Number of protein chains: 2
Amino acid sequence: MAADRIFEALASRPRREILAYLSAQELTAGEIASRFAMSAPAISRHLSLLETAGLVSSERRGQYVVYRLNKDNLVNTLTGFAFEICPTAGPLKRESRKLASRKQGG
Amino acid sequence: MAADRIFEALASRPRREILAYLSAQELTAGEIASRFAMSAPAISRHLSLLETAGLVSSERRGQYVVYRLNKDNLVNTLTGFAFEICPTAGPLKRESRKLASRKQGG
DNA sequence: TAAGCAATTAAGACATTAGTTAAATGTATA
DNA sequence: TATACATTTAACTAATGTCTTAATTGCTTA
């Protein structure tokens with residue numbers, strides 16, 4: 001189940017912070033690591049987990065690897081779950097469908 | 001940070017399923033446990049964690065303990081995080097504020 | 001090819017989580 | 001009080017998660 005991996009990915013504060021950083025702009029693995037107190041390998045594992053969950057994508061660019069956020073997947077999963085739990089939130093539901101129809105439009 | 005406990009609580013499939021069950025109706029601890037393959041003590045720990053996170057509330061009723069969902073806290077946290085990550089989703093943002101102003105209205 | 005930097009993978013230590021069964025606590029009732 | 005049932009807590013084991021440092025891989029450039 002895809003939601004399993006996504007919620008597991010979101011269960012870590014550093015990983016949520018990575019997503020917040022990437023919400024503003026693309027960043028290389030090193031740029032991300034420099035924002036945290038932990039080692040680069042630790043960040044690399046977090047990034048790998050986020051990518052497996054489908055929340056970020058990576059692209060090698062020369063000697064760097066650039067990461068970017070997959071907003072659709074994140075927003076769809078969170079709002080989808082919120083609706084499962086809180087189904088009477090009709091207006092929220094409509095807006096989310098609208099949102100989902102955009103392509104990575106953030 | 002409150003969001004930490006909430007996302008940690010959501011990182012478990014059984015706990016998300018408990019929330020889904022409670023979204024339809026109040027249930028006693030035993031009724032919840034009967035819906036899962038695991039033991040009652042295991043479910044009791046899941047419920048305790050959900051309550052610590054503020055996602056459910058409990059009330060002793062005679063010899064039973066009845067659990068109910070705190071929809072506000074769940075929806076606010078999820079949509080709040082989604083907006084932090086996806087701030088340009090203006091319409092979604094507006095609807096959520098409307099939703100938040102209702103009291104447990106689900 | 002060799003040297004240097006970016007990033008990932010490997011190996012291992014440590015803490016946390018999630019389940020089990022057994023015991024304890026709380027309430028209802030004979 | 002004694003018994004029964006619902007629930008939680010305790011004690012323990014097994015599995016997972018998250019770091020660390022060291023080694024490896026990949027690209028760039030001299």
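All figures in this text were calculated on a predicted structure; none of them were measured in a lab. Chain letters run A, B, ... following the sequence lines, proteins first, then strands; residues in each count from 1.
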Using salt bridge (charged side-chain N to carboxylate O under 4.0 Å, His left out), reason through B:Glu26 and B:Arg61 one step at a time and then give a plain yes or no.
CA-CA 12 Å; B:Glu26 294 185 344; B:Arg61 204 170 292 171; 3.4 Å; yes
TODO: Describe the nucleic acid contact of A:Glu8 in one word from base, sugar-phosphate, nothing, applying a heavy-atom distance below 4.0 Å.
DONE: sugar-phosphate
| query | Would you say the side chain of B:Leu19 lies within less than 4.5 Å of the side chain of B:Val56, judging by non-hydrogen atoms? | reply | yes
So ring-ring contact (aromatic ring centres under 6.0 Å, His included) across residues 16-61 of chain B, not counting sequence neighbours, yields B:Tyr21-B:Phe36
Between CD of B:Glu59 and C1' of D:dT7 the distance, given in whole Å, is 15 Å
Discussion item. What's A:Arg60 touching, base or sugar-phosphate or nothing? Going by heavy atoms closer than 4.0 Å.
Written reply: sugar-phosphate
A:Tyr64 OH to D:dG26 C1', in whole Å, measures 13 Å
Ignoring backbone atoms, test whether A:His46 places a side-chain nitrogen or oxygen under 4.0 Å from the OP1 or OP2 oxygen of D:dG17.
-> no
Here the distance between atom P of D:dT18 and atom CE of A:Met38, to the nearest Å, is 10 Å
Comparing A:Ala42 with B:Glu31, nearest DNA chain D nucleotide closer to 5' gives the residue B:Glu31
CD1 (B:Ile6) and OG1 (B:Thr52) are apart, to the nearest 0.5 Å, by 11.5 Å
Query raised in the report: A:Ala29 near the nucleic acid: base, sugar-phosphate alone, or nothing, with a heavy-atom cut-off under 4.0 Å?
Result: sugar-phosphate
- Item | Aromatic centroids of A:Phe7 and B:Phe7 separated by under 6.0 Å | no
A:Phe36 atom CZ is separated from D:dT20 atom C1', nearest whole Å, by 18 Å
> Across the strands shown, which category fits B:Tyr67 at heavy-atom distances under 4.0 angstrom: base, sugar-phosphate, nothing?
Replying inline: sugar-phosphate
| query | Hey, does the side chain of B:Thr28 come within less than 4.0 Å of D:dT7's phosphate (OP1/OP2), counting only N and O? | reply | yes
Review point. Do any N or O atoms from the side chain of B:Arg15 and from the backbone of B:Leu10 form a donor-acceptor pair under 3.5 angstrom?
Key: no
Under a 4.0 Å heavy-atom criterion, DNA chain C is touched by chain A from C:dG4 to C:dT9
B:Glu51 atom CD is separated from D:dT8 atom C1', nearest whole Å, by 12 Å
* With respect to the phosphate group of D:dT18, does any side-chain polar atom (N or O) of A:Arg15 fall under 4.0 Å of OP1 or OP2? -> yes
Q. Contact class for B:Arg13 (heavy atom, under 4.0 Å): base, sugar-phosphate, or nothing?
A. nothing
Indicate yes or no for a side-chain donor-acceptor contact from A:Asn73 to the backbone of A:Gly54 under 3.5 Å, with no hydrogens or angles considered. yes
B:Ile32 atom CD1 is separated from D:dA6 atom P, nearest whole Å, by 14 Å
Comparing A:Arg61 with A:Ser39, nearest DNA chain D nucleotide closer to 5' gives the residue A:Ser39
